[in-house]
Amino acid sequence: MPLAEESKKTAQAQWIRPFKAKGGARYIQIADMIAESIQSGSLQAGDQVPPQRTLAAELGVDLTTVTRAYAEARNRGLIASYGGRGSFVMGASAPGAQARIDLTMNIPPQPANGSMAERVGKGLEEVLRRQRIEALSTYQDEPGTRSAVQAGQAWLQPALGDLDLRGLSVCAGSQAAIFAILSSTTRPGDSVLCDPLTYPGLLLAARQLGLRVVAVEGDADGMRPDALERAQQQSGARLLYLNPTFNNPTAQTMPAGRRAQIAATLLRLQLTLIEDDPYRYLLDDAPAPIATLTGGANTYYLASLSKCLWPSLRTSFVLPPRDDDGDRLHAGLRAASMGCSGLLLGLVEHWIRSGTAKALVEEIQREARARQQLARSLLSHEVQTHPSGLHLWLPLPAHWNQSLFTHALDEVGVNVAGADSFSVSAQAQDAVRVSLGGAADQASLGLALRKIEALLKEDRRRNSRAFV
Ligand SMILES: Cc1ncc(COP(=O)(O)O)c(C=O)c1O
């Protein structure tokens, strides 16, 4: 064998390691080997990975396992395949170079055991086995979604207790529900009330519909009932939006006592609440939803699966107010889209009924806890968060403003969301939201957090004219 061929083979062999007994599916482990070797530098940008048959023979696995592994590696952006030429390591990992770490998106972390792709694959296989392809091919109307909604009722029952769930429906994400509720209950120029720092999707929808967003003052317990009453009287608003459990972005959770006061106030003022509650399902100690305190009256309750299971499910359960037949909501949803994907809804139903959803929540919680611990150990600054929450809210020290901080962090390859994305007022406080689920793994999260900590300690005022 020529020397060059020989050394290439040795290089290949170096990055292949034995399978771990409890390391998950073999195709995932192969993709992990490629990722680890890129991180350690033993595979570099432009290196060719072995032909699939060669690798299958070396590892003693089926060709299909390697085919799936390479597809997984391509999906992760690790390799690119060129018909007839083979597969090559992608660019971002030139020696010393580090990939950008994006902590701007509030997504759940992948469970550390790498089980997600396998769960999705197996779940979809099961859906296709149980349901006729014809049934999965149509637009999903009410009878078609009934069975998934029944699964949703079982899913929500522990949180919603005695609430009548007969009016429950399902839609393609809470953002779609928010838009549908706003568009079907308001006219341009109307006001909608919310916290001063709130979910950007609400601001986006309100702006699109020509609504006025009015911030209501709060304190350490969240929105104040007296400020709510005043803002309602001054603005004439009929609609209030709250994300009272692990607020995006402040991580604040409204305690039970304040929820009761807000419930009483909105019933007295005949205000309608949109209670957006996607984060509760990762917290073990969340107080009961406000919807349970109003007996379901005047409250749309939104339970997205994006944060506790998987954003790609594009599924949220929506309970309209108790004495509302849901017609306006459904008209709003229909006007914007033709419902959920039958395939994904099949997966949601299968996951809930088989117990996979519950197991997945637990795995995500476990990973979220580990990431929160990592953040606690690496950041010396005061942050607002929850031990199993997806993000943290980091008020900046006086020597930083949020715009300079996010730019400086961007220059060292880390992205976080500045407070202005969430602020009703143009004058946002100096703080950033760090989404811990955005990093591919704990190692890259650690790297990003170290950069954040180093930057927090730097005082750029000394060498920046921007502060003068
Ligand atoms: C408070 C809140 N509501 C809704 C959403 C979006 O939910 P979905 O993915 O179901 O549209 C998010 C996502 O960031 C969120 O933080």
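Along the sequence shown, the residues carry numbers beginning at 1. Below, all heavy atoms of this structure are taken into account, side chains as well, without hydrogens, waters or symmetry copies.
Taking 4.0 Å as the cut-off between side-chain N and carboxylate O, R68 and E72 do not count as a salt-bridged pair. In this structure, E125 does not pair ionically with K122, as no charged nitrogen and carboxylate oxygen lie closer than 4.0 Å. Using a 4.0 Å cut-off between charged nitrogen and carboxylate oxygen, E349 and R353 count as a salt-bridge pair. No salt bridge links R26 with D62; every basic N to acidic carboxylate O contact stays at or beyond 4.0 Å. A salt bridge does not link R280 with E275: none of the charged nitrogens is closer than 4.0 Å to a carboxylate oxygen.
Residues L283 and S388 form a side-chain contact, since some pair of their non-hydrogen atoms from C-beta on lies under 4.5 Å apart. At a threshold of 4.5 Å between non-hydrogen side-chain atoms, the residues T299 and T272 do not count as touching. Using a 4.5 Å cut-off on side-chain heavy atoms (C-beta onward), L228 and I262 make contact. Side-chain contact check for I178 versus Y199: some heavy-atom pair is nearer than 4.5 Å. Contact annotation: the side chain of L329 approaches that of V318 to within less than 4.5 Å [non-hydrogen atoms, C-beta and beyond]. At least one side-chain heavy atom of I16 sits under 4.5 Å from a side-chain heavy atom of L59. Residues L202 and L182 are in side-chain contact: their nearest non-hydrogen atoms beyond the backbone lie under 4.5 Å apart. Within the 4.5 Å cutoff, side-chain heavy atoms of F405 are placed close to those of V432.
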Applying side chain to side chain contact (heavy atoms under 4.5 Å, CB included) to Y300 and Y241, what does each step give before you reach the verdict? CA-CA 10 Å; Y300 286 94; Y241 169 90; over 6 Å; no

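Judged purely by atom type and a 3.5 angstrom limit, S354 uses its side chain to pair as donor or acceptor with the backbone of H350. Distance alone, capped at 3.5 Å, places no donor-acceptor pair between the T198 side chain and the C194 backbone. Looking only at distances, a side-chain donor or acceptor of R258 sits under 3.5 Å from a matching main-chain atom of M223. No donor-acceptor distance shorter than 3.5 angstrom exists from the side chain of Q384 to the backbone of L394, with no hydrogens or angles considered. N247 places a side-chain N or O within donor-acceptor distance of the main-chain N or O of T250, the cut-off being under 3.5 Å. Of the possible donor and acceptor atoms, none in the side chain of D221 sits under 3.5 Å from a partner among the backbone N and O of M254. In this structure a side-chain-to-backbone donor-acceptor pair under 3.5 Å is missing from S421 to A417. Looking only at distances, no side-chain donor or acceptor of K307 sits under 3.5 Å from a matching main-chain atom of L390. For the pair N415 (side chain) and D410 (backbone), a donor-acceptor distance under 3.5 Å is absent. Side-chain N or O atoms of R259 include one that pairs as donor or acceptor with a backbone N or O of P244 at under 3.5 Å.
One side chain, Q365 or D284, offers a donor N or O that lies under 3.5 Å from an acceptor on the other. Under 3.5 Å, the side chains of Q402 and Q429 contain no donor-acceptor pair of N or O atoms. Counted by atom type alone, Y279 and N106 present one or more donor-acceptor pairs between their side chains at under 3.5 Å. Between the side chains of T385 and Q372, at least one donor N or O sits under 3.5 Å from an acceptor N or O. Judged purely by distance below 3.5 Å, without hydrogens or angles, the side chains of S304 and S316 never pair a donor atom with an acceptor atom. D420 and S423 share no donor-acceptor pair across their side chains, judged by distance under 3.5 Å alone.
Across every non-hydrogen atom of N248 and N243, the tightest pair is N-OD1, 2.7 Å. For the pair A231 and L193, the tightest heavy-atom approach, listed with the atom from each and the gap, is CB-CD2, 4.1 Å. For V348 against T315, the heavy-atom pair with the smallest separation is CG2-OG1, 3.6 Å. Residue Y70 comes nearest to P50 through the heavy atom pair OH-O, 2.8 Å, listed as atom of the first residue, atom of the second, then distance. Taking each heavy atom of L209 and S183 in turn, the nearest pair found is CD1-N, 3.7 Å. In terms of heavy-atom proximity, A31 sits nearest to A69 at CB-O, 4.0 Å.
Rounded to the nearest 0.5 angstrom, C171 SG and L302 CG are separated by 7.0 Å. Annotation: the span from R371 atom CZ to L449 atom CG amounts to 10.0 Å, rounded to 0.5 Å. Distance check, rounded to the nearest 0.5 Å: CZ of F179 to OG of S174 gives 15.0 Å. Between the CG atom in L333 and the OG atom in S184 there is a gap of 8.0 Å [rounded to 0.5 Å]. How far CG of L211 is from OG of S191: 8.0 Å, rounded to the nearest 0.5 Å. Going from atom CG of L455 over to atom CD of E411 covers 9.0 Å, rounded to the nearest 0.5 Å.
Ring-plane geometry between W310 and W351 is classed as tilted, the angle between the planes lying from 30 to 60 degrees on a 0 to 90 degree scale.
For the side chain to side chain contact (heavy atoms under 4.5 Å, CB included) test, residues two or more places apart in sequence or in another chain that qualify with S403 are N401, H407.
Checked against the 6.0 Å centroid threshold, F246 and H391 count as a close aromatic pair.
Sorted by first and then second residue, the salt bridge (Lys or Arg N to Asp or Glu O under 4.0 Å) pairs with a member in residues 29-53 read R17-E36, D32-R76; sequence neighbours excluded.
Annotation: Q208, atom CD; neighbour count of heavy atoms from other residues, nucleotides and ligands within 6.0 Å does not exceed 12.
Only one option out of R450, K451, K457 pairs with E453 in a salt bridge (Lys or Arg N to Asp or Glu O under 4.0 Å); it is K457.
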